[in-house]
Amino acid sequence: QVQLGESGGGWVQPGGSLRLTCAASGRTLSSYTIGWFRQAPGKDREFVAFSRWDAGTTRYADSVKGRFTISRDNAKNTVYLQMNSLKPEDTAVYYCAAGLLLSSNSGHYRHWGQGTQVTVSS
């Protein structure tokens, strides 16, 4: 069983940056695809990015492409989401999740963290 925990959220002004961290315990992340998702108030959870277990394949939602970067350090059992040029519409609770498929579908992820709030406003 994998336990995931996100950190690094907070408040930032438009144009600013944050780095989210997803730390795992209980089992190594090295065999999992790790996805980042987000959910804004009143909206469905949406895909942000994923990284294959070896970081050989990454994929991003169009809305964050060129601004967000997913990376991972399997030796530290940690995955990161670097978020630059943040916009108010990026405000949401961000979740990391672990699964066995390369997928942007949240239903394909078995293990989830508790989420971290990101607020972008002036």
Side-chain angles (χ1 to χ4, degrees):
Q1 186 77 2
V2 177
Q3 289 85 41
L4 303 174
E6 302 92 340
S7 61
W11 173 83
V12 64
Q13 292 185 332
S17 298
L18 285 174
R19 188 175 80 157
L20 304 183
T21 298
C22 175
S25 61
R27 191 168 179 178
T28 178
L29 287 181
S30 61
S31 59
Y32 288 95
T33 293
I34 300 299
W36 284 96
F37 295 82
R38 66 188 182 185
Q39 188 166 19
K43 295 188 176 181
D44 292 335
R45 189 170 297 186
E46 65 172 359
F47 166 73
V48 174
F50 71 60
S51 169
R52 198 176 75 170
W53 65 272
D54 61 352
T57 300
T58 58
R59 183 173 169 185
Y60 299 89
D62 288 344
S63 58
V64 307
K65 201 172 294 183
R67 301 187 297 122
F68 291 11
T69 302
I70 187 171
S71 62
R72 62 193 297 164
D73 186 338
N74 285 339
K76 294 183 178 179
N77 235 18
T78 302
V79 179
Y80 306 98
L81 185 69
Q82 178 67 44
M83 306 186 296
N84 298 328
S85 302
L86 283 161
K87 305 175 181 179
E89 51 264 43
D90 294 317
T91 295
V93 178
Y94 283 70
Y95 300 88
C96 66
L100 298 178
L101 300 179
L102 287 177
S103 175
S104 59
N105 184 334
S106 62
H108 291 154
Y109 289 80
R110 185 179 308 176
H111 308 286
W112 290 82
Q114 81 287 352
T116 185
Q117 176 70 47
V118 171
T119 302
V120 185
S121 72
S122 54

Going by ring-ring contact (aromatic ring centres under 6.0 Å, His included), name the residues that satisfy it together with [X], two or more places apart in sequence or in a different chain.
X	result
Y94	none
F50	F47
W53	none

Between [X] and [Y], which heavy-atom pair has the shortest distance, and what is it?
X	Y	answer
H108	L101	CG-CD1, 3.9 Å
S122	P14	N-CD, 3.8 Å
R38	S63	NH2-OG, 3.5 Å
S31	L100	O-CD2, 4.0 Å
T78	K76	OG1-O, 2.8 Å

Quick check against the 3.5 Å criterion: does [X] have a side-chain atom that pairs as donor or acceptor with the backbone of [Y]?
X	Y	result
N77	R27	yes
R110	A98	no
Y32	R52	no

>> If I take atom CH2 from residue W36 and atom OH from residue Y60, how far apart are they, to the nearest 0.5 angstrom?
In response: 12.0 Å
> When rounded to the nearest 0.5 angstrom, what distance separates CD1 in I34 from OG in S71?
Replying inline: 12.0 Å
> Just checking, is any N or O donor in the side chain of T28 or S30 under 3.5 Å from an acceptor N or O on the other one?
Replying inline: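 Side-chain D/A pair, T28 to S30: present.
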> Cation-pi between R45 and Y95: NZ/CZ under 6.0 Å from ring centre and within 45° of the ring axis?
Replying inline: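 Here R45 passes the 6.0 Å and 45° test against Y95.
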> Heavy-atom count around D54 CG within 6.0 Å, excluding the residue itself: above 12?
Replying inline: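 Yes - once you tally the heavy atoms of other residues, nucleotides and ligands closer than 6.0 Å, there are more than 12.
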> Any side-chain hydrogen bond (donor to acceptor under 3.5 Å, both in side chains) pairs touching residues 13-25, not counting sequence neighbours?
Replying inline: S17-N84
> Can you pull the disulfide bond (SG atoms under 2.5 Å apart) pairs that have at least one residue in residues 19-103, sequence neighbours excluded?
Replying inline: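 Residue pairs with at least one partner in residues 19-103: C22-C96.
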Heavy-atom check, side chain of [X] versus side chain of [Y], under 4.5 Å:
X	Y	answer
L20	M83	yes
L18	L81	no
T33	Y109	yes
T119	Q117	yes
Q1	H111	yes

>> Please evaluate residues V79 and E6 with respect to the criterion side chain to side chain contact (heavy atoms under 4.5 Å, CB included), reporting the C-alpha separation (whole Å), side-chain torsions for both, the decisive distance (0.1 Å), and the verdict.
In response: CA-CA 9 Å; V79 179; E6 302 92 340; over 6 Å; no
>> Please evaluate residues T91 and V118 with respect to the criterion side chain to side chain contact (heavy atoms under 4.5 Å, CB included), reporting the C-alpha separation (whole Å), side-chain torsions for both, the decisive distance (0.1 Å), and the verdict.
In response: CA-CA 5 Å; T91 295; V118 171; 5.9 Å; no
>> Please enumerate all residues that pass salt bridge (Lys or Arg N to Asp or Glu O under 4.0 Å) together with R67, with sequence neighbours excluded.
In response: D90
> Which one of V48, I70, L86, T69 satisfies the side chain to side chain contact (heavy atoms under 4.5 Å, CB included) criterion with V64?
Replying inline: V48
